[in-house]
Amino acid sequence: MYDKVVSLGSRLHYPITITKLLMSPGDTIKKQQNIIEYKFSWRRKVGDDTWVDETTYTEYDSPAEGKLKEWRIQEGQIIAADVPCMTVEEACGHEVQIQGMCSLCGADMTETNWASEQRDSERAMINMTHDQTGLMVSESVAQKAEHDTQKRLLRQRKLSLVVDLDQTIIHACIEPTVGEWQRDPSNPNHSAVKDVKSFQLNDDGPRGLASGCTYYIKLRPGLSDFLEEISKMYELHVYTMGTRAYALNIAKIVDPDRKLFGNRVISRDENGSITSKSLARLFPVSTDMVVIIDDRADVWPMNRANLIKVVPYDFFKGIGDINGSFLPKRQDILPAPAKSNGATMTDAADSSTEEKSRTGDATRLKEDSSLEDQAAEQEKTLEKQLTDRPLLHMQEELDKEDEKTAQEADSGDASTPPQRHNVLSDDDEELVALQDHLTDIHTSFYETYDRRRDERRQSQPTRPPSHSSAHRRPSVDDGVDLSMVPDVGDILDEIKSNVLSGLVIVLSGLVPLGVPVEESEIGMQAQSFGAQVLNVVSKRVTHLVVSTSTPRTNKVQQAAKIASIKIVNQNWLIDCLSQWRRLDERPYYLAILDADREKSDDATEPVSEVEEGDTEAKNLKDFDWDMADKDLQDFLDDDEEGDSEGDDGNDGDESHNDESESITGNESDASDKPRKKGVKRKASEAKVEDSDSDTDGSVAGESVLAKKQRLSRSRGTSALRSVQSSNDNLEGSGDGENGTLLNRNGQEETNASEEFEFDEADLERDLLAELEAAGD
């Protein structure tokens, strides 16, 4: 039996007055049966300006069926708005429905009547089965089913793993060249494609020219062993944007005995969205025990915390995701095009979506676009594979290069055929790192879970056994306590955030135009691994990550002048994110032109932190420190002379204000802010407009102290001014910084700020004393 609270609804002419309750608790009521009599007042217009008050008596019909348990209203009650009126005990709660019918009692859930404001089908709105879109359950049923699943997994010491197919664990294409290479042992690609599987989709496949085409499926290297080991720790689910027929054919290849995935396969036919995936489709109540592996992070907008993003598996060069027409355009970066056995891949292989994304082709598919439109787009993409045959053309280009190389070698033996290089290679190792990540997560999850349960047991008071309990059998701890389950997303975040912690990264040529770097796909990934991502090169930056397609940009030229910045290609960041560890940058260093370094003495590779101080010291080898000391002493002597000249009260106030601006960097009230050690001022404030100067060089209205500061700054032979020039050569002008003051040992006095800091305690004391005197 199920208790249902029934409301009056919004259709009544409120306020109403209950005149009579026609049923009593315990009575059986049916839908559309009169159960309440009530009245309401309203005004009727009888003339141009005449209104008459009317009272109408009417009945209320039951929208529910069952036994009346209790009334929640009473006779004579005035009701101003919709409220619960009764509780009905129903024979069926209709919590499990299939195709609009209650699977428990067989009632039609789509039936509507004038007495009901909502359909009974709305009582079961959750679809959490893999292969059945018509089976819907209520929230309470979904919660119970999910809790049962979690308890079962806890007993088995497992988690749930949602696995994407295309470019995650397999790569697919329909290029007929693959079949030809499989049948030709003499082809250099034969060994790479000999294990490729194939199938046809005659009934559920694409239409047009691609109808009845053969799909070629390459399993990611080591997939069989990977799935076997992972299945000991995870219950596996397939989640793909391919059709169900496509997904089931892949599942037969990957899991022929149905031991790994069983029937836990969900495709775009059951997904409910044509542009994104959601764990709520399978786990509507809790995702605390669910991990995702996918080559796309952007298609999981609500579940990034649970995602392990893998490097896309790109075995069939230039093909990409065969079901990519149903997904947004890629926004992440892909590995740089590699060289195949000494031969550079052609433009066809380099037509990656990364370049399209970088140049601004970032148009995303809209949710309101129809499934038919996306299917038509996919058919065009498949037809292009059949007609253009990109793999064949790439091999032909390699053969031409091989022949050219052989001719240039001029071996003299015309009978010896040139060595042929292959387009396809089977050297991917992503699953090795992925297995380590999944093992670490599983271990950390259950260590946390066990620790929480131990802490709870230790915190509970121990009681001596009673006489009645002495004869009881000891309870068995089955390892199940849902309240102690940690969130796997928190564990994943903790592990990842330590990888690039402390690094400050700028991206060059890798973010689509118009997209803020911190909101870009690669920017969000780097941040999730602990890095700080900026858009501007400065001395704070530790790494500049550069696209290999645009190796010389303004950012590269700016970073080349800062020795501490490591300038690496995109593969360094990709490999760090894949392996979950900070890798040595040296194999990924980008070759920098000498012209980009200008006057810098740096080597082609970024120098280490140890070498940086030596480089800056060399650039200051001609700096005259004696002259700098003399200038500073002259400045202090001038200030002491100014004390004896005297100023009136107004000048003193003005001097105080001017100097306060100089010290605090244009702050309105220096006295309200704590002073830092040393005196700071911006270089731009050291300039005085000629138009404001008198014939003797003084500025109208300036104080004596301000005048002496100006005269000291304007000395052409000042060694202090040469500090700015020297550091400008080190840093360049691209960062908008004025330089860093170095001491005699070539060490920084400040950290990459826009201001100079004269860290001289005597100077500060003298200036503050003069300010106080001037204020008095």
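Just so we're clear, the structure is a prediction, and the values are computed from it rather than from any experiment.
The aromatic ring centres of Trp181 and Tyr216 sit 6.0 Å or more apart.
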Pair Ser483-Arg456, side-chain hydrogen bond (donor to acceptor under 3.5 Å, both in side chains): steps then yes or no: CA-CA 11 Å; Ser483 65; Arg456 166 173 284 188; 3.1 Å; yes

Stepwise, does the side-chain hydrogen bond (donor to acceptor under 3.5 Å, both in side chains) test hold for Ser578 with Glu430? CA-CA 8 Å; Ser578 172; Glu430 180 71 6; 2.7 Å; yes

Let me see the working for Glu270 and Ser267 under side-chain hydrogen bond (donor to acceptor under 3.5 Å, both in side chains), right down to the final yes or no. CA-CA 6 Å; Glu270 304 90 36; Ser267 70; 2.9 Å; yes

Would Asn271 and Tyr239 count as a side-chain hydrogen bond (donor to acceptor under 3.5 Å, both in side chains) here? Give the steps. CA-CA 9 Å; Asn271 184 39; Tyr239 200 146; 2.2 Å; yes

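In plain terms, the two heavy atoms of Gln385 and Cys173 that are nearest each other are OE1-CB, 3.5 Å. In this structure, Leu153 and Ser160 approach most closely via the heavy-atom pair CD1-OG, 3.3 Å.
Of the inter-residue distances, the one linking Trp580 atom CH2 with Ile495 atom CD1 reads 6.0 Å to the nearest 0.5 angstrom. Between the CG atom of Asp493 and the NZ atom of Lys496 there is a distance of 7.0 Å, given to the nearest 0.5 Å. Between the CD1 atom in Ile230 and the CG atom in Leu431 there is a gap of 9.0 Å [rounded to 0.5 Å]. Within the model, atoms CD of Gln570 and OG of Ser547 stand 4.5 Å from one another, a figure rounded to the nearest 0.5 Å.
Contact check for Phe316 versus Val178: side-chain heavy atoms found under the 4.5 Å cut-off. Between Gln525 and Ile522 there is a side-chain heavy-atom pair separated by less than 4.5 Å.
Classification of the Phe445-Tyr449 ring pair by plane angle, with boundaries at 30° and 60°, yields parallel.
Lys232 pairs with exactly one of Glu228, Glu235, Glu229 by the salt bridge (charged side-chain N to carboxylate O under 4.0 Å, His left out) rule, that one being Glu229. Under the side chain to side chain donor-acceptor pair (under 3.5 Å) test applied with Asp148, the options Lys144, Arg152, Lys151, Gln150 reduce to a single match, Lys144.
Panel note: side chain Thr287, backbone Val290; no donor-acceptor pair is recorded below 3.5 Å. Put simply, the side chain of His171 gets close to the backbone of Gly320: a donor and an acceptor are under 3.5 Å apart. Judged purely by atom type and a 3.5 angstrom limit, Arg264 uses its side chain to pair as donor or acceptor with the backbone of Leu236.
Counting only N and O atoms by type, the side chains of Thr149 and Glu146 include no donor and acceptor under 3.5 Å apart.
Under 4.0 Å is where a charged nitrogen must lie from a carboxylate oxygen, and between Asp294 and Lys277 at least one such pair does.
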